[in-house]
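Taking it in order: structure first as structure tokens, then the write-up.
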Amino acid sequence: MDSVILSARGLTRHFGGLRAVDGVDFDLYTGEIHALIGPNGAGKTTFVGLLSGRVPVQAGSITLGGEDITALPAHARVRKGIAYTFQITSVYPRLSVYDNVALAVPPESGELRPAVMAALSRVGLADRADQIAGTLSYGHQRLLELGMGLALRPRVLILDEPTQGLASGEVAGFAALVRSLVPETTVLLIEHNMELVMDLAQRITVLNFGQVLATGTPAEIRANTAVQAAYLGGDDAAA
Amino acid sequence: MKVWVAHLAVLAVLGVLLAVLPAYHATNLARILTLAVFATGYNLAFGYTGLLSLGHALFFAAGVYGAALPVTYWGLSPLPAIGLGCLAGGGLAALVGLLALRTAGVSFMIVTLMFAQAGYLTLLYFGQITGGDEGLVMPDATALIPGLSPDTARAVIAFTLFAVALLLSLAVIRSRLGRVMVAMRENEERSRMLGYNPFTVKLSALVLSGLFAGAAGAGYALLFGYAGASFATIQYSILPMLWVLMGGAGTTLGPLLGTAAMFYLVDGAARITTATLLVVGVALVLLILFAPKGILGTIRERGARWIP
């Protein structure tokens with residue numbers, strides 16, 4: 001098996017009585033596309049919030065490439081190579097597309113312009129570099145968000161429901177783009193579109209009530225009765 | 001390039017004005033330039049970084065006394081005293097920032113206001129040294145540069161202070177730090193997730209802003225011969241905000257424009273009525289209603305997008 005790049009042990013975050021993330025063990029292998037799925041409220045966004053540092057950890061530990069990063073604040077984790085793209089598009093609406101991406105390019109990566117244009121070409125927005133980001137269509141803003149993630153040159157790219165609100169034609173292009181990122185970048189994908197998940201992911205982790213319900217290949221997950229119960233409802237899910 | 005040339009041209013015009021205007025108007029302009037340094041610094045924090053501080057009077061007063069006390073009690077010559085005032089403003093801004101930047105928005109306004117009030121009360125408490133409300137009279141400005149008349153010396157120093165402040169602020173906003181400052185203003189959470197530490201970026205902006213305020217305070221005390229606790233009152237926190245709003249927050253030349261506009265507005269109003277603040281208030285209401293981005297901000301929006 002490949003080496004583990006990002007790993008979590010006993011990761012926990014409770015909000016009052018709500019156990020949003022409850023003792024999750026998780027391994028992300030270098031160069032894979034790993035999907036995180038689960039019913040609404042299963043704790044997916046909180047879980048990646050813990051990984052990226054947006055949400056403070058209550059218990060457990062996180063390591064990146066063997067280094068313990070549990071205590072690092074979010075911005076320092078980004079510098080270490082964990083990029084997070086927002087579930088709700090979060091760009092700088094009043095700045096140009098170029099400036100949006102330029103802000104993402106790490107200070108030490110030499111000349112700015114080639115790095116920005118490379119990221120923009122990758123997501124197909126190179127010809128819109130001078131446009132004000134707020135005037136882009138929704139689909140293009142999602143691509144810009146991804147472009148900013150790429151410009152960070154992350155080791156791990158966390159995509160939080162990237163295809164939400166995209167037209168089906170755009171989803172296909174998006175899938176091709178994500179596939180082209182590996183194995184240089186490792187991708188952790190939260191996604192509700194099961195067709196896309198089964199198509200893209202090499203491995204899938206299913207969260208339910210803040211706990212890992214199952215981990216495995218798409219075929220294994222599809223065959224897992226507990227997963228089926230959690231999604232379809234039924235007596236097993238309540239147990 | 002175009003931008004630098006435009007700014008140098010503005011400075012050249014100011015230089016010529018100072019040289020050819022009659023003494024009364026030249027002195028007014030020197031006053032405006034010195035206060036515009038304060039506004040330019042305020043703009044770095046408020047206009048570019050989105051830090052709405054109500055405590056900048058403290059940094060201005062730190063500059064006033066950072067320069068005035070050594071001159072009064074140790075006989076320091078005025079030029080190095082301006083440097084000391086500048087450092088006092090920046091140092092105090094760092095100290096206040098370390099504590100106040102744990103808050104944001106309205107809390108930040110209140111905390112900075114409280115610090116400034118505490119500073120004002122401190123100045124009054126040590127009234128025997130600071131002169132309190134009565135203040136200290138500074139030595140004649142003639143001493144600033146030997147061989148020049150007081151008016152000329154004043155013009156030269158005010159011009160130099162403003163030129164340095166303007167070009168420095170332009171350099172900052174065109175630097176990487178400047179772009180990240182704007183990023184913090186536009187979307188702090190996004191900026192954090194691009195690897196920027198909001199605290200250090202905002203602290204840097206506040207310290208820079210404090211350095212400018214300190215230099216302006218020191219210059220003002222020495223050029224116009226007076227240092228008093230009144231410089232630490234809330235009025236001197238509100239004024240730079242008004243100047244910046246009027247000229248255009250987040251534009252390099254807006255602070256100068258706003259300072260000058262407000263100065264002549266008050267000056268003009270004073271000829272007609274004693275209720276000058278009423279005129280200022282009406283002007284501000286009109287501005288907020290019809291040109292909320294200020295003079296230069298509105299011009300930029302209407303097509304001159306290259307204005308920094």
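As the structure is a prediction and not an experimental result, all values here were calculated from the model. Chain identifiers are assigned alphabetically (A, B, ...) following the order of the sequence lines, protein sequences preceding nucleic acid strands; residue numbering begins at 1 within each chain.
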If you draw a 6.0 Å radius around CD in A/E111, do more than 12 non-hydrogen atoms from other residues or ligands fall strictly inside? no
Distance from A/L152 atom CG to B/M193 atom CE, nearest 0.5 Å? 9.5 Å
Considering only heavy atoms and a distance below 4.5 Å, find which of A/M148, A/E145, A/R54 pairs most often with chain B. A/R54
How about CZ on A/R79, more than 12 heavy atoms from neighbouring residues, nucleotides or ligands closer than 6.0 Å, or not? yes
Hey, is CD1 on A/I88 packed in by over 12 heavy atoms from elsewhere, all under 6.0 Å? no
Over 12 foreign heavy atoms within 6.0 Å of CG, A/D68: yes
Kindly check if the number of other-residue, nucleotide or ligand heavy atoms within 6.0 Å of CZ (B/R102) is above 12? no
Taking every heavy-atom pair that is under 4.5 Å apart, which of A/P106, A/P154, A/A74, A/G149 has the most such pairs with chain B? A/A74
Please state whether the side chain, the backbone, both or neither of A/A83 comes within less than 4.5 Å of a heavy atom of chain B. neither
Note, B/E189 side chain near A/S90 side chain (heavy atom, < 4.5 Å): no
Nearest-0.5 Å distance, OH of residue A/Y92 to CG of residue B/L194: 4.5 Å
Taking A/A76's backbone N and O only, do any of them form a donor-acceptor pair with B/N197's side chain (distance below 3.5 Å, no angle check)? no
How far apart are the C-alpha atoms of A/L103 and B/R179, what are their side-chain angles, what is the distance that settles it, and do they pass the side chain to side chain contact (heavy atoms under 4.5 Å, CB included) test? CA-CA 8 Å; A/L103 280 164; B/R179 289 195 294 271; 4.3 Å; yes
Would you compute the distance between atom CG of A/L95 and atom CZ of B/R185 and round it to the nearest 0.5 angstrom? 7.5 Å
Side chains of A/H75 and B/P198, heavy atoms from C-beta outward: is any pair under 4.5 Å? yes
